[in-house]
Amino acid sequence: MPDKIIEIVRQLSDMYEINEADVIPIVETTIRKSIILYFGRDTDVHYDGSEFEIYTYNGEAKPTQLNLNDASKKFITFLKRQLIDRFLIEKALTEYNAIKHIQGQGTLVDGYLLERMKGYCLIKLNDMPFKTKNILSYRYKIPRESLKFNEHYFFIVSKIKVVRISYKFELVVFLSRTSKKLPNLLLQKVIEEKTGVNIDCKCTERVAGKHSVIKTKTKIPREIILFVQENLNNEKIIIKR
């Protein structure tokens, strides 16, 4: 691998916390695409374990070997921008793959109101392993509920997406306060925390902001029901046994 590219790849690997060996295929592909875009020449790029062998084709029978140490500063700058873009994508996808299992599975998360935006609220979630943008759309907020700053709320993770904004990639977590799963999961969590018992219960009906019907064979202490109701904007919790 040419010294200039070695240094760039090492810097980016350190910056984005990605193992250098893991990104060799990405670097190969990015070098090839960058040469095609910049010079208009078809290219083969192969890493042999110690360096990249680069051959370009320009309508000639024999390919021409290219040494990037001899490339212009403009091309190296262009290639670095392309590599940064690919490293950003790889980091975002790695983080997405690490937490994608929590979407759509009825995962309960908790956090605080960070900022009110047009059409949605930005939420600060506790215990997320990566920096994420957490969105609670007004559509999935409990009707007539006004979230307050510095108050603790619970949410269901409905979807996670990798979104490109300008030159950055963000991991966006979409949240819900209207999910049918929220009342019974919250009830289970509170009971387990207070008693150490994991109960079986199911929300069979919910009209968010009005009432939820939860079926369980376990007797639920009234103070726990009141806690769940309070966190759900005083939505009535009806326990059926």
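Keep in mind it's a predicted model, so treat the numbers as computed, not measured. Side chains included, hydrogens not; waters and symmetry mates left out as well; all remaining heavy atoms used.
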Heavy atoms of Tyr120 and Ser137 approach each other most closely as CB-CA, 3.8 Å

Would you say the side chain of Lys240 lies within less than 4.5 Å of the side chain of Ile214, judging by non-hydrogen atoms? no

Less than 3.5 Å apart, any donor N or O on the side chain of Ser212 or Glu205 sitting next to an acceptor on the other? no

Got a donor-acceptor contact below 3.5 angstrom from the Arg206 side chain to the Pro183 backbone? no

Can you list every pair that meets side chain to side chain donor-acceptor pair (under 3.5 Å) and has a residue in residues 183-197, with sequence neighbours left out? Lys189-Glu193

Stepwise salt bridge (Lys or Arg N to Asp or Glu O under 4.0 Å) test for Glu28 and Arg32: CA-CA 6 Å; Glu28 284 179 330; Arg32 179 178 182 273; over 6 Å; no

One pair to check against side-chain contact (heavy atoms from CB on, under 4.5 Å): Leu122 and Lys133. What are the steps and the verdict? CA-CA 7 Å; Leu122 277 178; Lys133 182 178 182 179; 3.8 Å; yes

Are the side chain of Thr216 and the backbone of Asp200 linked by a donor-acceptor contact shorter than 3.5 Å? yes

Sorted by first residue and then second, give each side chain to side chain donor-acceptor pair (under 3.5 Å) pair with at least one member in residues 106-117; sequence neighbours left out. Asp110-Asn126, Asp110-His152

Are Val157 and Ile142 co-members of a hydrophobic cluster defined by side-chain heavy atoms under 4.5 Å apart? no

If the condition is side-chain hydrogen bond (donor to acceptor under 3.5 Å, both in side chains), which residues does Glu53 pass it with, not counting sequence neighbours? none

So which atom in Ile160 and which in Lys100 form the shortest heavy-atom distance, rounded to 0.1 Å? CD1-CA, 4.3 Å

Any donor-acceptor N/O pair, Thr132 side chain to Asn134 backbone, under 3.5 Å: no

Sorted by chain and residue number, the side chain to side chain contact (heavy atoms under 4.5 Å, CB included) partners of Lys161 (sequence neighbours excluded) come out as Lys159, Val163, Phe174

Mark yes or no for whether Tyr153, through its side chain, and Lys148, through its backbone, hold a donor-acceptor pair below 3.5 Å. yes

Heavy-atom distance under 4.5 Å between the side chains of Ile99 and Pro129, does that happen here? yes

With sequence neighbours left out, the residues meeting side-chain hydrogen bond (donor to acceptor under 3.5 Å, both in side chains) with Arg81 are none

Phe87 versus Val23, closest heavy-atom pair with distance: CZ-CG2, 3.7 Å

Determine whether Val109 and Ile156 fall in the same hydrophobic cluster, where Ile, Leu, Val, Met, Phe, Trp and Tyr are linked whenever their side-chain heavy atoms lie under 4.5 Å apart. no

Would you say the side-chain atoms of Lys91 pair up with the backbone N or O of Glu17, donor to acceptor, closer than 3.5 Å? no

Applying salt bridge (Lys or Arg N to Asp or Glu O under 4.0 Å), run through Arg164 and Asp85 and close with a yes or a no. CA-CA 11 Å; Arg164 181 167 190 164; Asp85 203 46; 3.0 Å; yes

When you compare the side chain of Leu182 with that of Phe155, does any pair of heavy atoms fall below 4.5 Å? no

In terms of heavy-atom contacts, Gly209 and Glu235 come closest through N-OE1, 2.8 Å

Would you say Gln229's side chain and Ile237's backbone share a donor-acceptor pair under 3.5 angstrom? yes

For residues Ser34 and Leu79, report the shortest heavy-atom separation together with the two atoms involved. OG-CD1, 3.5 Å

Please name all residues satisfying side-chain hydrogen bond (donor to acceptor under 3.5 Å, both in side chains) with Glu90, sequence neighbours left out, ordered by chain then number. none

Kindly indicate whether the side chain of Ile238, heavy atoms from C-beta on, has any atom under 4.5 Å from the side chain of Lys236. yes

Measure across Lys219 and Arg241 and return the closest heavy-atom pair with its distance rounded to 0.1 Å. CB-NH1, 3.9 Å

Heavy-atom side-chain contact between Ile76 and Lys73 under 4.5 Å: no

Contact check, side chains of Tyr138 and Glu145, non-hydrogen atoms, under 4.5 Å: no

Can you tell me if Asn231 uses its side chain to pair, donor with acceptor, with the backbone of Phe227 under 3.5 Å? no

Going through the checks in order, is the side-chain contact (heavy atoms from CB on, under 4.5 Å) test met by Ile220 and Ile199? CA-CA 10 Å; Ile220 310 298; Ile199 70 162; 3.7 Å; yes

Please examine the side chains of Phe169 and Leu93, heavy atoms only from C-beta on, and report whether any two atoms are closer than 4.5 Å. no

Contact between Val173 and Leu175 at the side-chain level, heavy atoms closer than 4.5 Å - yes or no? yes

When you look at CG of Asp127, are more than 12 heavy atoms from neighbouring residues, nucleotides or ligands closer to it than 6.0 Å? no

Between Ile123 and Leu114, is the side-chain contact (heavy atoms from CB on, under 4.5 Å) condition met? List the steps. CA-CA 5 Å; Ile123 305 296; Leu114 195 62; 5.9 Å; no

Would you say the side-chain atoms of Lys33 pair up with the backbone N or O of Leu37, donor to acceptor, closer than 3.5 Å? no

Indicate if Ile24 and Val9 have the same hydrophobic cluster label, given that clusters are the connected sets of ILVMFWY residues with side-chain heavy-atom separations under 4.5 angstrom. yes

